[in-house]
Amino acid sequence: MKFSVFTASTPDWTPSQAAETLAEQGWDGIEWRVVDDRPADGQQVPADRAFWVGNRSTWQFTGIVDQVGEIARTTDAAGLGYSGIGGYQPVADHEGVETMLRVTAELGARQVRVTMPMYRRERERTGATYGELFDRTRADLEWAAGRAADLGVKALVELHHTTITPSASAALRLLDGLDPAHVGVVHDLGNLVIEGQEDHLAAFELLGPYLAHAHVKNARWVDTGDTRADGSRVWQHEWAPLRDGQASVGEYLDALRQVGYDGWVTVEDFSTALPLAERTADNLAYLRSLVPVTA
């Protein structure tokens with residue numbers, strides 16, 4: 001397995017600082033965050049929100065075509081590989097997806113995430129049922145898979161809570177029949193603590209050739225101390241360090257090995273207990289401690 005870091009989880013660093021620091025720590029690769037993300041002037045962003053608002057390790061989507069050379073130089077100078085590109089373009093945005101597929105091809109990054117619709121948000125906004133969203137998204141994904149094939153890259157669907165693909169089973173239903181050489185799944189350990197949990201080994205076997213990438217973070221459910229009107233307790237999820245969440249990273253990596261997965265494992269740790277540089281270095285040491293050394 002090769003280990004990389006998704007720069008959504010490195011908000012304090014510029015792209016060059018992220019690449020240089022991760023390379024010095026011994027990471028194999030990097031997964032660049034690409035999305036328009038500029039906080040309003042004077043906006044104070046709490047530490048737990050800085051991953052998504054004002055993240056300095058982000059390449060802005062607007063004008064991304066003109067930044068390909070700089071992205072390549074920054075990555076190559078550090079000697080890092082691309083585990084993929086962390087795109088945020090909705091699969092329904094064909095123009096945006098086309099741009100990200102082309103950028104991925106130019107960089108030689110091989111695969112890029114396209115985002116799935118959020119079920120409840122879309123239902124409230126448009127009134128569409130799950131079935132209607134599913135059918136519409138399937139058509140969009142068929143188009144994306146075709147363009148990915150033309151460009152020699154792969155479009156990735158992430159297992160993510162609140163979307164129409166929170167689980168391996170849901171994702172397989174959406175992708176089934178499409179060419180796994182050009183469309184695949186990002187299996188995400190931490191997201192599944194929140195929604196979509198299935199036995200990992202079963203999920204990997206179910207996905208088969210569609211298992212294209214693995215994201216590792218951790219999460220846990222905590223009692224808020226509040227109760228609903230009916231007297232039941234209110235729980236909420238929070239991100240946790242890799243060792244401290246409800247999911248077992250070791251068991252996850254073991255299940256990946258059992259199905260012969262030898263691709264990228266990308267960390268996106270959104271916990272804040274340790275300073276960023278300590279967090280990334282410790283995460284790499286922990287991951288390597290879980291992977292048997294082979295002769």
Side-chain angles (χ1 to χ4, degrees), residues 1-4 6 31 83-84 86-87 91 110-120 129-146 148-149 153-219 221 237 242 245-268 287 290-292:
M1 294 180 189
K2 296 175 291 185
F3 298 123
S4 78
F6 181 28
E31 189 164 322
S83 57
V91 69
R110 298 177 307 281
Q111 53 188 14
V112 58
R113 181 181 66 179
V114 297
T115 65
M116 298 296 104
M118 294 185 175
Y119 165 63
R120 289 188 178 274
T129 64
Y130 180 91
E132 290 167 338
L133 277 175
F134 179 93
D135 291 342
R136 189 184 309 160
T137 304
R138 169 67 186 211
D140 289 328
L141 198 58
E142 289 176 357
W143 172 86
V153 295
K154 184 179 292 191
L156 301 181
V157 173
E158 183 175 7
L159 306 188
H160 201 294
H161 46 287
T162 78
T163 71
I164 66 169
T165 53
S167 68
S169 295
L172 179 62
R173 181 169 174 259
L174 184 66
L175 273 61
D176 197 23
L178 298 179
D179 186 352
H182 298 294
V183 67
V185 168
V186 182
H187 196 279
D188 190 298
L189 177 65
N191 288 346
L192 294 170
V193 173
I194 300 167
E195 182 186 4
Q197 171 65 33
E198 296 172 313
D199 180 271
H200 297 314
L201 183 57
F204 298 153
E205 292 177 341
L206 179 73
L207 290 172
Y210 292 110
L211 176 61
H213 194 29
H215 272 188
V216 169
K217 58 178 175 284
N218 219 329
W221 286 90
H237 60 81
L242 296 190
Q246 288 178 224
S248 168
V249 177
E251 291 176 3
Y252 185 73
L253 296 181
D254 184 61
L256 284 171
R257 286 194 298 272
Q258 288 185 61
V259 295
Y261 181 86
D262 194 32
W264 286 99
V265 173
T266 296
V267 173
E268 47 175 355
L287 289 175
L290 299 172
V291 177

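Heavy-atom basis, side chains included; hydrogens, waters and symmetry copies ignored.
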Please name the pair of heavy atoms, one in [X] and one in [Y], separated by the smallest distance, quoted to 0.1 Å.
X    : Y    : result
L287 : V267 : CD1-CG2, 3.4 Å
A170 : Y130 : CB-OH, 4.4 Å
A171 : V185 : CB-CG2, 3.9 Å
L178 : L174 : CD1-O, 4.5 Å
G87  : V112 : N-CG2, 4.2 Å
L192 : P166 : CD2-O, 3.2 Å

Measuring from atom [atom1] of [X] to atom [atom2] of [Y], what distance do you get when rounded to the nearest 0.5 angstrom?
X    : Y    : atom1 : atom2 : answer
S167 : H160 : OG    : NE2   : 14.0 Å
D199 : Q197 : CG    : CD    : 8.0 Å
F3   : S83  : CZ    : OG    : 12.0 Å
L256 : L211 : CG    : CG    : 6.5 Å
L206 : L201 : CG    : CG    : 11.0 Å
I164 : Y119 : CD1   : OH    : 11.0 Å

Starting from the C-alpha separation in whole Å, work towards a yes-or-no answer on side chain to side chain contact (heavy atoms under 4.5 Å, CB included) for L189 and V249.
CA-CA 8 Å; L189 177 65; V249 177; 3.9 Å; yes

Tell me if the centroids of the rings in H213 and W264 come within less than 6.0 Å of each other.
no

What do you reckon, are the aromatic ring centroids of F204 and Y210 less than 6.0 Å apart?
no

Could you check whether atom CD of E195 has more than 12 heavy atoms from other residues, nucleotides or ligands sitting under 6.0 Å from it?
yes

Test item: [X] and [Y] side chains (from C-beta on) under 4.5 Å apart, heavy atoms:
X    : Y    : result
L141 : V157 : yes
M1   : L253 : yes
Q111 : V186 : no

Quickly, which of H187, H200, R257 forms a side chain to side chain donor-acceptor pair (under 3.5 Å) with Y252? Name it, please.
H187

Test T266 against every option in E31, K2, K217 by the side chain to side chain donor-acceptor pair (under 3.5 Å) rule and name the one that passes.
E31

[X] side chain to [Y] main-chain N or O, any donor-acceptor pair under 3.5 Å?
X    : Y    : result
N191 : L159 : yes
N218 : A247 : yes
W221 : V193 : yes
E132 : T129 : yes
Q246 : A219 : no
R113 : L156 : no
K154 : P180 : yes

Could you please spell out the steps behind the side chain to side chain contact (heavy atoms under 4.5 Å, CB included) verdict for T162 and R120?
CA-CA 7 Å; T162 78; R120 289 188 178 274; over 6 Å; no

Intermediate values then yes/no, salt bridge (charged side-chain N to carboxylate O under 4.0 Å, His left out), R138 and D135
CA-CA 5 Å; R138 169 67 186 211; D135 291 342; over 6 Å; no

Trace of the side chain to side chain contact (heavy atoms under 4.5 Å, CB included) decision for T137 with M116:
CA-CA 8 Å; T137 304; M116 298 296 104; 3.8 Å; yes

Applying side chain to side chain donor-acceptor pair (under 3.5 Å), run through E198 and S169 and close with a yes or a no.
CA-CA 9 Å; E198 296 172 313; S169 295; 2.5 Å; yes

